[in-house]
Amino acid sequence: MENPLQIIDISNIDIPTAREVVSAAGSQGFLMLEGHGFSQEEVAELFRVSKGFFEEPLEEKKKYTIPANDNHGYTTFGGENLDESNPDKAQGDPKEGYNFSNLNLLEGTWNGATPEYFQNSEHAKVVQSVIKKHSLLVHKLLTLFAIGLEIDKEAGGADWFVQRHKLTDPSGTTFRLLHYPSPKSLNPEETIRAGAHTDYGGVTLLFQQDGQAGLEIHSPLTKKWTPVPFVDASAKFKEKGAAAPIIVNIGDQLSYWTNGLLKSTVHRVKFPEESVREGKSRYSIVFFSHPADDTLLEPVPSPFIRAVNGRGAGAQSKAITAKEHLLKRLAATYGWY
């Protein structure tokens, strides 16, 4: 299967790399990164820990269901509807997940009721380590965005986005483990495991596993649903023990913040026929990065953003905060009305 996404090596923070990253984010809204700093060993261990949690008894997991007006905890099968074209459908997405929210990104810790499984010191250590590494990777990526967008130096230049994503500030940033059980038939509605949607925040980072395909993007270039296959690490990184490229996509907040210059692309999870026939489940690891809660979503001070009129933050008479933006989206997803 052909990979529709550009793969960019971000080992170096420089102008050519920054321009590549901005170009990919401004065309497809999705890209893949190498040079991300994760080893195959630690990613495999994380997937093992995730699978172990989802094998816990359902009633035990449901004790930690996400409460109203929060985003930390367990969401059960059908408990979440991501399909933005059908917000009133009777049953939510056939998947389960666990969110680590209310994060201290510097320590990799979270604030909220925690299942015994994640109170286990070894399991907690794995999760904390990965949260911290994701946070540092986001900062690296945000620096590249700032350089590529040529943000005004007097406003903060290359540090502009990072200044609004401080590791100890409260934010909507969430680390998520997901489990999509294999559907039992090829009924189209049953093979769609996460409805068509865009992400809420700034930047999303995703690891998927070999043999567990399912992610599809509605490509802004072809206007068609396009599968995104698993892509192994290139020879250069594989010999160093690096994990496969991490998938990155732009969320609604960052698209809004950049007046739509960076694309928040619609995507979904749909099981391919071979996965259904083989009865395979799918597991994925996702990090949803958000700016600090009190960040005003005013247009980014960039000449490229100023050239875009009448869209996103630039079309609003009053700026909203990152937290206000997020709460509106969560209310629709979980039915908090």
Side-chain angles (χ1 to χ4, degrees), residues 10 13 21 25 33 35-39 42-43 45-47 49-50 53 64 66 69-74 97-115 118-146 156 158-178 199-207 243 246-254 257 284-297 300 321-327 329-330:
I10 61 163
I13 298 180
V21 167
L33 301 181
H36 46 60
F38 285 91
S39 71
E42 64 188 327
V43 171
E45 175 65 7
L46 181 59
F47 274 110
V49 169
S50 174
F53 170 72
Y64 300 91
I66 294 174
N69 298 313
D70 197 0
N71 197 30
H72 178 89
Y74 175 73
Y98 192 86
N99 292 356
F100 295 89
S101 296
N102 312 314
L103 298 173
N104 178 325
L105 299 171
L106 186 64
E107 301 294 334
T109 54
W110 53 90
N111 183 21
T114 304
F118 290 118
Q119 294 178 30
N120 174 290
S121 60
E122 289 304 311
H123 297 162
K125 183 179 178 181
V126 169
V127 173
Q128 289 167 8
S129 173
V130 172
I131 288 173
K132 288 190 288 185
K133 290 194 77 166
H134 272 99
S135 302
L136 295 177
L137 177 57
V138 167
H139 274 197
K140 188 173 188 179
L141 184 57
L142 291 173
T143 301
L144 288 166
F145 280 138
D159 295 325
W160 193 86
F161 282 120
V162 171
Q163 290 168 356
R164 287 153 179 80
H165 290 74
K166 292 179 181 175
L167 299 179
T168 54
D169 284 355
S171 76
T173 298
T174 297
F175 179 61
R176 186 168 217 203
L177 310 177
L178 284 164
D199 290 346
Y200 310 156
V203 175
T204 301
L205 307 178
L206 166 72
F207 277 118
I246 194 167
I247 298 171
V248 175
N249 67 281
I250 305 303
D252 292 343
Q253 278 186 351
L254 185 53
W257 217 355
S284 61
I285 308 293
V286 196
F287 187 83
F288 299 99
S289 173
H290 292 247
D293 284 343
D294 59 0
T295 301
L296 283 177
L297 299 181
V300 175
T321 66
K323 185 172 184 178
E324 290 170 335
H325 186 279
L326 174 61
L327 288 177
R329 295 299 306 275
L330 290 175

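These values consider heavy atoms only, across backbone and side chains, with no hydrogens, waters or symmetry-generated copies. These figures come from a predicted structure and were not determined experimentally.
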> Kindly indicate whether the side chain of I250, heavy atoms from C-beta on, has any atom under 4.5 Å from the side chain of F145.
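Answer yes - side chains close enough.
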
> Output every pair passing side-chain hydrogen bond (donor to acceptor under 3.5 Å, both in side chains) with a member in residues 132-143, not counting sequence neighbours, ordered by first then second residue.
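Of all non-adjacent pairs touching residues 132-143, those that pass side-chain hydrogen bond (donor to acceptor under 3.5 Å, both in side chains) are E42-K133.
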
> Looking at side-chain heavy atoms only, is the closest gap between V49 and L177 below 4.5 Å?
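Contact flag for V49/L177 side chains = no.
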
> Check whether any side-chain heavy atom of I246 lies under 4.5 Å from a side-chain heavy atom of L137, and answer yes or no.
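I246 reaches L137 side chain to side chain.
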
> Do the side chains of L205 and S289 get nearer than 4.5 Å, heavy atoms only?
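Of all side-chain heavy-atom pairs linking L205 with S289, none is under 4.5 Å.
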
> Examine distances only and state if a side-chain atom of N99 and a backbone atom of R176 form a donor-acceptor pair shorter than 3.5 Å.
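No.
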
> Under 3.5 Å, is there a donor-acceptor pair between the side chain of T114 and the main chain of G112?
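It does hold such a pair.
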
> Treating S129 as the side-chain partner and V126 as the backbone partner, does any N or O pair qualify as donor plus acceptor under 3.5 Å?
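Looks like no, no N/O pair under 3.5 Å.
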
> Answer whether the closest heavy-atom distance between the side chains of V21 and I10 falls below 4.5 Å.
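With C-beta onward as the side chain, the pair touches.
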
> Do L103 and T174 make a side-chain contact, defined as non-hydrogen atoms from C-beta onward lying under 4.5 Å apart?
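Counting from C-beta outward, L103 and T174 never come under 4.5 Å.
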
> Once the angle between the rings of F38 and H36 is folded into 0 to 90°, is it parallel (under 30°), tilted (30 to 60°) or perpendicular (over 60°)?
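Answer is tilted, since the angle falls between 30° and 60°.
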
> Kindly determine whether Y200 and H290 satisfy side-chain contact (heavy atoms from CB on, under 4.5 Å), including the steps that lead there.
CA-CA 8 Å; Y200 310 156; H290 292 247; 4.3 Å; yes

> Taking all non-hydrogen atoms of both residues into account, name the closest pair between Y98 and A113 and its distance.
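So the minimum-distance heavy-atom pair works out to OH-O, 3.3 Å.
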
> If you take all heavy atoms of G172 and L326, which pair is closest and at what distance?
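Taking G172 first and L326 second, the nearest heavy atoms are CA-CD2, 3.6 Å.
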
> CG of D293 to NE2 of H325: how many Å apart, nearest 0.5 Å?
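One gets 13.5 Å once the value is rounded to the nearest 0.5 Å.
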
> Check for a donor-acceptor pair, side chain of E324 on one end and backbone N or O of T321 on the other, with a separation under 3.5 Å.
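Yes; at least one donor-acceptor contact below 3.5 Å.
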
> Check G97 against Y74 and note the closest heavy-atom contact, atom names and distance.
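Here G97 and Y74 meet closest at O-CD1, 3.2 Å.
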
> I need the L206 CG to F288 CZ distance, nearest 0.5 Å.
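Answer for the CG-CZ pair, L206 versus F288, is 8.5 Å.
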
> Of all the heavy-atom pairs spanning F175 and I285, show the shortest one and how long it is.
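Between these two residues, the closest heavy atoms are CE1-CG2, 3.5 Å.
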
> Decide whether T204 and D199 meet the rule of one side-chain donor and one side-chain acceptor closer than 3.5 Å.
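Their side chains do contain a donor-acceptor pair, which is all the 3.5 Å distance test asks for.
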
> With a 3.5 Å cut-off and sequence neighbours excluded, list the donor-acceptor pairs that the side chains of residues 161-171 form with protein atoms.
| residue | atom | partner | partner atom | Å |
| --- | --- | --- | --- | --- |
| R164 | NH1 | W160 | O | 2.9 |
| H165 | ND1 | F161 | O | 2.7 |
| S171 | OG | T173 | N | 3.2 |
| S171 | OG | T173 | OG1 | 3.0 |

> Would you say the side chain of W110 lies within less than 4.5 Å of the side chain of V127, judging by non-hydrogen atoms?
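Sidechains of W110 and V127: in contact.
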
> Once you round to the nearest 0.5 Å, how far does CD1 of I66 lie from OG of S101?
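Interatomic distance, I66 CD1 to S101 OG, rounded to 0.5 Å: 7.0 Å.
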
> When rounded to the nearest 0.5 angstrom, what is the spacing between CG in N104 and CG in N111?
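These two atoms lie 10.0 Å from each other.
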
> Given ring-ring contact (aromatic ring centres under 6.0 Å, His included), test F207 with F287 step by step and report yes or no.
CA-CA 9 Å; F207 277 118; F287 187 83; over 10 Å; no

> Partners of S284 by side-chain hydrogen bond (donor to acceptor under 3.5 Å, both in side chains), sequence neighbours excluded?
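Applying side-chain hydrogen bond (donor to acceptor under 3.5 Å, both in side chains) to S284 gives none.
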
> When you compare the side chain of V248 with that of L141, does any pair of heavy atoms fall below 4.5 Å?
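Result yes, sub-4.5 Å side-chain heavy-atom pair found.
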
> Using the ring centroid of each side chain, check whether F118 and F100 are separated by less than 6.0 Å.
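Under 6.0 Å, so yes.
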
> Which atom pair, heavy atoms only, marks the closest approach of P291 to Q253?
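Taking every non-hydrogen atom into account, CD-OE1, 3.0 Å.
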
> What are the two closest non-hydrogen atoms of A322 and A292, and how far apart are they?
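Closest approach of A322 to A292: CB-O, 3.5 Å.
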
